[in-house]
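Taking it in order: structure first as structure tokens, then the write-up.
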2 protein chains.
Amino acid sequence: MAIVAEEDKAPGGRRERILRSTIEVIRERGFAGTRVSDIAERAGTSQGLVLYHFGSLAQALSTSLTLLEDEFYTELDEELGQADGPIDRLWHMAELASGYGPAVGDWRLWLELWARAMHDEDARQARESLDRRWRAALLTVIVEGVTAGDFVVSDPARASLRLAALMDGLAIQLALEDPGMTRATFTDLWWEAAVLELQISDPKRDKPPRKRAKTRA
Amino acid sequence: MAIVAEEDKAPGGRRERILRSTIEVIRERGFAGTRVSDIAERAGTSQGLVLYHFGSLAQALSTSLTLLEDEFYTELDEELGQADGPIDRLWHMAELASGYGPAVGDWRLWLELWARAMHDEDARQARESLDRRWRAALLTVIVEGVTAGDFVVSDPARASLRLAALMDGLAIQLALEDPGMTRATFTDLWWEAAVLELQISDPKRDKPPRKRAKTRA
DNA sequence: CGTCAAACTGAATGACCATTCAGATGCCGT
DNA sequence: ACGGCATCTGAATGGTCATTCAGTTTGACG
């Protein structure tokens with residue numbers, strides 16, 4: 001049988017493949033609904049192997065969170081590296097959050113993580129670290145903008161906290177497919193708030209054009 | 001034995017007592033961690049009775065959501081009835097959301113509900129209905145304020161959507177006990193945003209004094 | 001080739017839990 | 001007091017998993 005060809009697609013060997021599958025299953029079925037057999041099936045291996053590599057389901061889950069963090073950080077750095085100037089960078093963050101890339105705007109996973117963080121220590125740490133990083137990035141952009149004269153804010157820390165929170169709140173609607181909330185509305189509402197909060201004024205750069213929209217599987 | 005005295009505390013009979021216990025257990029252990037035995041123990045009954053009344057664990061969980069909705073609505077109506085004038089009412093909503101009453105600001109439960117809403121139809125409906133109601137209340141207050149001349153907004157619907165989302169976002173930090181987020185910071189940050197968004201100006205009523213702070217069990 | 005360890009498999013094993021059930025117990029109308 | 005119904009109990013029952021394990025395959029290296 002030629003089922004083997006399947007795994008060539010993902011580099012990094014079986015172990016990493018299992019972790020990726022784990023994340024996918026969590027995204028679809030939630031932490032609570034994730035079985036060892038789901039992971040194994042998705043990864044095209046046996047249940048035994050999952051346990052062989054990670055010792056327990058709990059370990060597999062929490063190890064997959066680490067991979068998630070890596071991807072998040074990578075995506076964030078890469079994407080922000082491309083944008084130039086605070087306004088453009090800020091806009092880029094809005095796009096990322098709206099689901100542009102595979103990791104940052106993966107809000108269904110985020111909701112799962114928040115809920116799990118209340119009862120699981122590893123999840124708690126993962127989400128706190130992720131969140132801190134994201135807010136730090138936002139704060140950095142804001143401070144840059146203030147320095148460059150693009151933004152006017154009295155308290156950048158408060159502003160970034162609020163803008164980050166607004167994203168999370170809007171994201172809930174996005175993740176839960178609330179009628180009336182789309183990626184477009186998301187960026188739209190958020191950007192308007194950002195303009196207000198940061199007193200962005202330059203009209204021609206007020207709202208950068210949307211880049212190519214790549215949808216995720 | 002005089003264990004019976006215990007249940008006099010809660011009116012409404014065993015059935016309702018079980019529902020209340022269910023909510024408590026969900027709040028503490030999450031949907032995923034809630035066992036029939038937990039509910040029975042908490043309610044001071046047998047597992048059999050829980051199933052006798054609700055047929056299945058799933059039914060017990062989703063029936064308890066209905067009770068939750070009732071309490072939410074009641075609390076909302078009662079509290080908003082007390083406040084007079086849009087600004088006061090708005091402030092009252094902030095207080096409610098910060099955890100003032102037992103139901104509305106019960107964010108740990110909210111996080112659970114959001115996560116469950118992605119995989120369970122009853123939860124989906126409950127949270128949508130709850131959310132709609134809350135946002136409608138907010139919109140009403142805003143429109144009242146605009147009419148009364150207390151607020152100035154171009155698009156009340158957008159404003160209420162954004163202010164509601166901001167609450168949710170801030171609430172996540174509150175529920176997850178993020179360092180630096182307290183009830184006080186919550187209301188503070190939110191009110192500042194509201195002032196900005198609604199152009200609240202009357203300085204002497206800019207920020208009503210905090211009412212008695214009642215903590216929940 | 002042959003050896004050895006790591007990677008891997010699939011069939012037990014056993015724990016945990018929702019659900020079922022056979023039978024108490026209380027209660028209400030008569 | 002008594003039949004009958006709703007309420008209630010605690011001990012089975014059975015299904016669904018995570019985990020274990022005895023053994024097979026693979027691949028690196030002599």
Side-chain angles (χ1 to χ4, degrees), chain A residues 1-26 28-65 116 119-123, chain B residues 1-26 28-65 116 119-123:
Chain A
M1 317 298 167
I3 309 179
V4 200
E6 195 78 13
E7 43 192 281
D8 296 7
K9 286 191 294 187
R14 283 292 247 276
R15 195 188 143 96
E16 188 175 327
R17 175 168 233 260
I18 291 174
L19 288 179
R20 276 185 210 295
S21 303
T22 304
I23 293 181
E24 286 174 27
V25 176
I26 295 172
E28 285 166 25
R29 300 167 112 79
F31 280 99
T34 298
R35 315 263 158 270
V36 174
S37 60
D38 297 325
I39 298 174
E41 192 179 1
R42 173 68 61 111
T45 67
S46 65
Q47 294 190 215
L49 191 63
V50 176
L51 278 302
Y52 168 76
H53 276 304
F54 304 101
S56 73
L57 172 59
Q59 261 304 310
L61 293 176
S62 90
T63 307
S64 77
L65 291 182
R116 180 152 243 247
H119 309 105
D120 175 89
E121 178 56 22
D122 289 331
Chain B
M1 311 298 170
I3 310 179
V4 200
E6 195 78 13
E7 43 192 280
D8 296 8
K9 286 190 293 186
R14 283 290 249 280
R15 195 189 143 95
E16 188 174 325
R17 175 168 234 260
I18 291 175
L19 288 178
R20 276 184 211 296
S21 303
T22 305
I23 293 181
E24 286 173 27
V25 176
I26 294 171
E28 286 167 24
R29 300 170 113 77
F31 280 98
T34 297
R35 314 260 157 270
V36 175
S37 60
D38 296 326
I39 298 174
E41 192 179 1
R42 174 67 60 110
T45 68
S46 65
Q47 294 190 214
L49 192 63
V50 176
L51 278 303
Y52 168 76
H53 276 304
F54 303 101
S56 72
L57 172 59
Q59 261 304 308
L61 293 176
S62 91
T63 307
S64 77
L65 291 182
R116 180 153 243 249
H119 308 104
D120 175 88
E121 178 56 22
D122 289 330

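The model shown is predicted, which means the values in this text are computed figures rather than measured ones. A note on names: the letters A, B, ... follow the listed sequences, proteins ahead of strands, and every chain is numbered from 1.
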Can you tell which of D:dA18, D:dC8, C:dC8 lies closest to the side chain of A:L57?
D:dA18
Round to a whole Å and report the spacing from CD of B:Q59 to C1' of C:dT19.
14 Å
Identify the residue among A:D120, A:L61, A:V25 that makes a side-chain contact (heavy atoms from CB on, under 4.5 Å) with A:F31.
A:L61
Can you see if the side chain of B:H53 gets near the phosphate of D:dC8 - specifically, an N or O under 4.0 Å from OP1 or OP2?
yes
Checking C:dT20, D:dC17, C:dC8 against the side chain of A:R35 (C-beta onward), the nearest is D:dC17
Report the nucleotide, chosen from C:dT19, D:dT9, D:dT19, that has the shortest atom-to-atom distance to any side-chain atom of B:L49.
D:dT9
What is the distance, rounded to the nearest whole Å, between atom CZ of B:R29 and atom P of C:dC16?
14 Å
Using atom CZ of A:R15 as one end and atom P of D:dT26 as the other, report the distance to the nearest whole Å.
22 Å
C:dC17, C:dC8, D:dG10: which one has an atom nearest the side-chain heavy atoms of A:R14?
C:dC8
Among D:dT9, D:dA18, C:dA18, which nucleotide has an atom closest to any side-chain atom of B:Q47?
C:dA18
Acceptor/donor pairs from residues 43-50 of chain A side chains to any protein atom, 3.5 angstrom cut, sequence neighbours excluded:
| residue | atom | partner | partner atom | Å |
| --- | --- | --- | --- | --- |
| A:S46 | OG | A:L49 | N | 3.3 |

Phosphate-side-chain proximity, B:Y52 and D:dT7, N/O vs OP1/OP2 below 4.0 Å:
yes
Expressed in angstrom and rounded to an integer, what is the separation of B:I39 atom CD1 from C:dA18 atom P?
8 Å
Closest non-hydrogen atom pair, A:R17 against A:R42:
NH1-O, 4.2 Å
Gap between atoms CG and P, on B:L51 and D:dA6 respectively (whole Å)
19 Å
Once you round to the nearest 0.5 Å, how far does CD of A:E16 lie from OG of A:S64?
12.0 Å
